[in-house]
Structure formats: C-alpha cells, structure tokens
S.K.: 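Before I ask anything, let me first share the structure, which is written out below as structure tokens.
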Amino acid sequence: MSFSFQLIKKDLLTSARLGKMMTSHGVVETPAFMPVGTQGTVKSLRPEDIQSCGAQIILGNTYHLYLRPGHETIQKLGGLHAFMNWHGPILTDSGGFQVYSLGALRKILPDGVMFRSHIDGSRHFLSPQKAIEIQEALGSDIHMCLDECTPYPATLKQTEDSLALTVKWAKLCKEAKSSSTHALFGIVQGGTYLDLRRRAVEQIVPIGFDGYALGGVSVGEPRELMYAITQDITPLLPAEKPRYLMGVGMPADIVYGVSCGIDMFDCVIPTRCARHGLLFTNSEKIVIKNARWREDINPIDETCDCYTCRNYSRAYLRHLYVSGEILAMILNTIHNVRHYIRLMERIRAAINENRFLAFKNDFFDKWDKVTKNSTKEQFTGRA
RNA sequence: GGAGGGGUUCCCGAGCGGCCAAAGGGAGCAGACUGUAAAUCUGCCGGCGGAGCCUACGGAGGUUCGAACCCUCCCCCCUCCA
C-alpha cells in the first residue's frame, strides 16, 4: 500500500484541517503529534505504552540509527518496525537536525555533510542520496529530505546560501528515491526571512513531494517569529498534501500551528521534560520535584485518563523522581505523551464539531495563565 | 593506666596565621528544556534589602595589628598497647 493523504474537513474560521494519512503500517489521523523515538525507542516507553497513549505514528532518526546499530543491520533484521517492535507508522528525520544540533562536529559541503561521530569520533559522510538510502533500508513510512536546519540567528546571506543547499539536496533526494511505497517529504527552510521562506516554497513544491515540512523553526528564535512564519507560509503549501511543522513544540505552539493549517508535529518536549520532571496539565505545569507535592495525594491531572494519572499520586511521583528511580521517567513520560495525544484528540474533535476557533481562544486564555503562573513561581522562587 | 589521632557551616569533608562566610561532594530549594550527544543542564544554599555589618569552625581563656588555623586548660569521640 502506498502513501496517501485525504483531507476530510477544513475549518471555516481558521485554516485548521482534519485529515487522514494512509501508510502501509496504518492510518494516522491529523492533526497529529508524533512522539520522538530517535534511537528506535521513544525513551522510557515500550511500544505498547506508546500505543496505549494513543500515538498513531512516531519518529526515528536517520543519523543516529545509521551510526548505531547501522541501517544495514536493521534492514537485515527485518527493518525498523520489526527491530523495535513498533508496527505503526514511522517517520524518519533525515539527519538535517543533526546538521544543526551537532554543529561543532560536522562540516557542510556542497554534496552533503561530513560528520564526526558523536559516539567515537569516526568520520561519516551523509549525502542526500545516502540519507534516502538509509531511510529506505530502515523501511520507515515517511522519509524526510536531507536539509540544512538553518540556525538562529543567521544573516540574510547565510540563510540564502543555506536555503540554496537545501533546495539542491531536495532535488537529489527526490531523484534518489527508489521506493513507491514510502512517502518523501520536502522541507521548507529560509530562516526568519519571510521572502526567503516564500522562495523556498516556490522552489521546493515544484519538485513534487508527498508532503511538506516547515523546518528551521524552534531553534531559539522568538516565539512570535515562529508564529509569523507558520501563519504566512503554511497557506502557500499545497492544500492536498500533509503539512508538517518540524520540532514544534509547546502545547500552545501546536494549537497555533493547527490554526495555521499544520497537520503534523513532533517534539522532544513531552518526553524530555517528563524525564526531567516537568509534567503538563491543562491548567498548570507541574515540576514534580517541588516540595509542594510532597504530600499531595492527587493525580498529576484529574482530567487525564493516562495510566499514571489513574494509578499514582503526585506525592509518589515526586518521591520516585527525587529518588532517581527509573519508574519516574516511565510514568512521567506516559503522562506527558498521553497529554499531548489527548490535546490532538481534543483539537480534532473541535475541528470536527466546528468549534476550533473557540477551542483555540479558550486554550490560549488558559495557557496564558499556565505561563503566568510559572512566571510568578519563578519570581517568588528567586525572591 | 600508657601512646597516638580527631572534633569545621544540615551531613560528609578540605583548609592549618591575613587572599575564609570557609574548597569539593551530598542533601535541600528553585529554574530551563521545542525535527534528542539530554535519567541533562543552570542558579541559590549562615543572618541583615546592599557597599558593609553581625553571627560562625567542641567550650573557656590567651598570644597576635589579625586566629578555624598558634598556646593553655576543660569537655567529647576514635585507634593501638596494657
């Protein structure tokens, strides 16, 4: 079965949309959030946990899985799905983010990126063709073009050059694609320069991809800039293809992205923050190590239906976290992932019931309070 | 009874005349995290709004311009010998 995307509904008051992605490993309802499983695992979760959180698709990473255990090994063992025992859809990032995050360990060349492995220092050349070869060997359902995730801040010239490279590589990725069952997404770069972003759309879209991503956001730029880019550029992407806002983000960022017409999101925030003890609820951000939870018998979130909230108190979770217990990471991650997935379910229901704008406004009101609360706590904490 | 070692801020532990409110851990408190080099990182951690002052290195005296550091006595702990 090959990849396809079906647009089910368009919101009348915003650009939000409801859709379905069909892959050979199952259907993904959009707008969707994709938990990040860089190394063939969503950190601390078993596949059945991911599933019970309601996640329909997860991420894997080309660079990391190529370095260890090696894409050929994974291919030999039956592909990434079998290897990690996750039988739902997988999207693999191309290594483009590592061009950014491993900035000190790589050199960008016209034909690809020379990496010094962060594991053992060995040299590895990742070209657009190689990135596709690796992703096809992994057998993920959606492949991403190798791009340069442009850092922030970057000058106009730097961003322009970076964009040119990303466009050039996008063409090479498309040419290198040899499988018809796997989807390939193009990535729009252009930094914080809207005219470059528009140029990126003009140059990437004609190459013809199964979906389009906005990349190079959430790299330290002000939130307003990210919002401006998302609002301006998303509508320029083909309406009949899925649109993916890469690396985003906080719950409010996701709601905002949906209102701009984004269909897919991924972010390490729910999983990483869970491991670091930050838990999301609809009304507050809970730093579980805080002394105030020492004797709190309530679940993290009364309204949450996750395994953690159904069975454990804040006091116990605080104890586990403070004690450095592995279970703290597991239970916290289950909660945060479920919280994100539930957010997506609520978003889809709101769009479906023609009340997304109200949902969004209400969400931002509450989110302001969440942010204000934590700002106030920071202030009193320091005073 | 004899010989030796030691008592430092919540805990462990360095310091052994001024650069010491006292290294370094731990604990405690708070914060950050956006296509994961992250079970990570950062800040605070005697008191007083601050320059500064006050209170602190077992207790009491003393030497010195100046003592956690030197001297005397006392209290307590540990090791070895009898």
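Given the structure is predicted, the values throughout are model-derived calculations rather than measurements. Worth knowing before you read on, the calculation uses all heavy atoms, side chains too, and leaves out hydrogens, waters and symmetry mates.
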S.K.: Look at the side chain of Asn61(A) against the base of G35(B) and say whether a donor-acceptor pair falls under 3.5 Å; ignore hydrogens and angles.
M.R.: no
S.K.: For C29(B), take OP1 and OP2 only and decide whether either is under 4.0 Å from a side-chain N or O of Arg318(A).
M.R.: yes
S.K.: With ring pair (Phe, Tyr, Trp, His ring centres under 6.0 Å) as the rule and sequence neighbours excluded, what pairs involving residues 136-168 of chain A come up?
M.R.: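 Qualifying pairs, neighbours excluded: His143(A)-His182(A).
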S.K.: Output yes if the stacking criterion (under 5.5 Å between centres, under 30° between planes) is met for His276(A) over the base of U40(B), else no.
M.R.: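 Answer is yes, a stack.
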S.K.: Could you tell me which residues satisfy ring-ring contact (aromatic ring centres under 6.0 Å, His included) with Phe359(A), sequence neighbours excluded, listed by chain and number?
M.R.: none
S.K.: In Watson-Crick or G-U wobble terms, both distances under 3.5 Å, what is the partner of C80(B)?
M.R.: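 Base-paired to G2(B).
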S.K.: Under the ring-ring contact (aromatic ring centres under 6.0 Å, His included) rule, collect the residues that match up with Phe125(A), sequence neighbours excluded.
M.R.: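 Partners of Phe125(A) by the ring-ring contact (aromatic ring centres under 6.0 Å, His included) criterion come out as none, since no residue qualifies.
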S.K.: For residues 102-113 of chain A, which residue pairs qualify under side-chain hydrogen bond (donor to acceptor under 3.5 Å, both in side chains), counting only residues two or more places apart or in two chains?
M.R.: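 Listed by first then second residue: nothing to list.
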S.K.: Look at Asn290(A) and G31(B) and indicate whether a side-chain polar atom (N or O) is within less than 4.0 Å of OP1 or OP2.
M.R.: yes
S.K.: Do any N or O atoms of the protein come closer than 3.5 Å to N or O atoms of nucleotides 41-45 of chain B, and which pairs are they?
M.R.:
none

S.K.: Just name whichever nucleotide pairs with G31(B), Watson-Crick or G-U, keeping both distances under 3.5 Å, else none.
M.R.: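 Because both required distances fall under 3.5 Å, G31(B) counts as paired with C41(B).
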S.K.: One pair to check against side-chain contact (heavy atoms from CB on, under 4.5 Å): Arg243(A) and Phe185(A). What are the steps and the verdict?
M.R.: CA-CA 9 Å; Arg243(A) 301 147 161 185; Phe185(A) 280 25; over 6 Å; no
S.K.: Has Arg272(A) got a side-chain N or O lying under 4.0 Å from the OP1 or OP2 atom of G35(B)?
M.R.: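 For Arg272(A), the contact criterion (side-chain N or O under 4.0 Å from OP1 or OP2 of G35(B)) is not met.
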S.K.: How would you list all residue pairs meeting side-chain hydrogen bond (donor to acceptor under 3.5 Å, both in side chains) that involve residues 265-274 of chain A, not counting sequence neighbours?
M.R.: Tyr244(A)-Asp266(A)
S.K.: Does U34(B) have OP1 or OP2 sitting under 4.0 Å from an N or O in the side chain of Ser218(A)?
M.R.: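 Looking at the OP1 and OP2 atoms of U34(B), neither is under 4.0 Å from any side-chain N or O of Ser218(A).
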S.K.: For G50(B), which nucleotide in any strand shown is its Watson-Crick or wobble partner with both distances under 3.5 Å?
M.R.: none
S.K.: Of Asp266(A) and Met329(A), whose nearest nucleotide on RNA chain B comes first from the 5' end?
M.R.: Asp266(A)
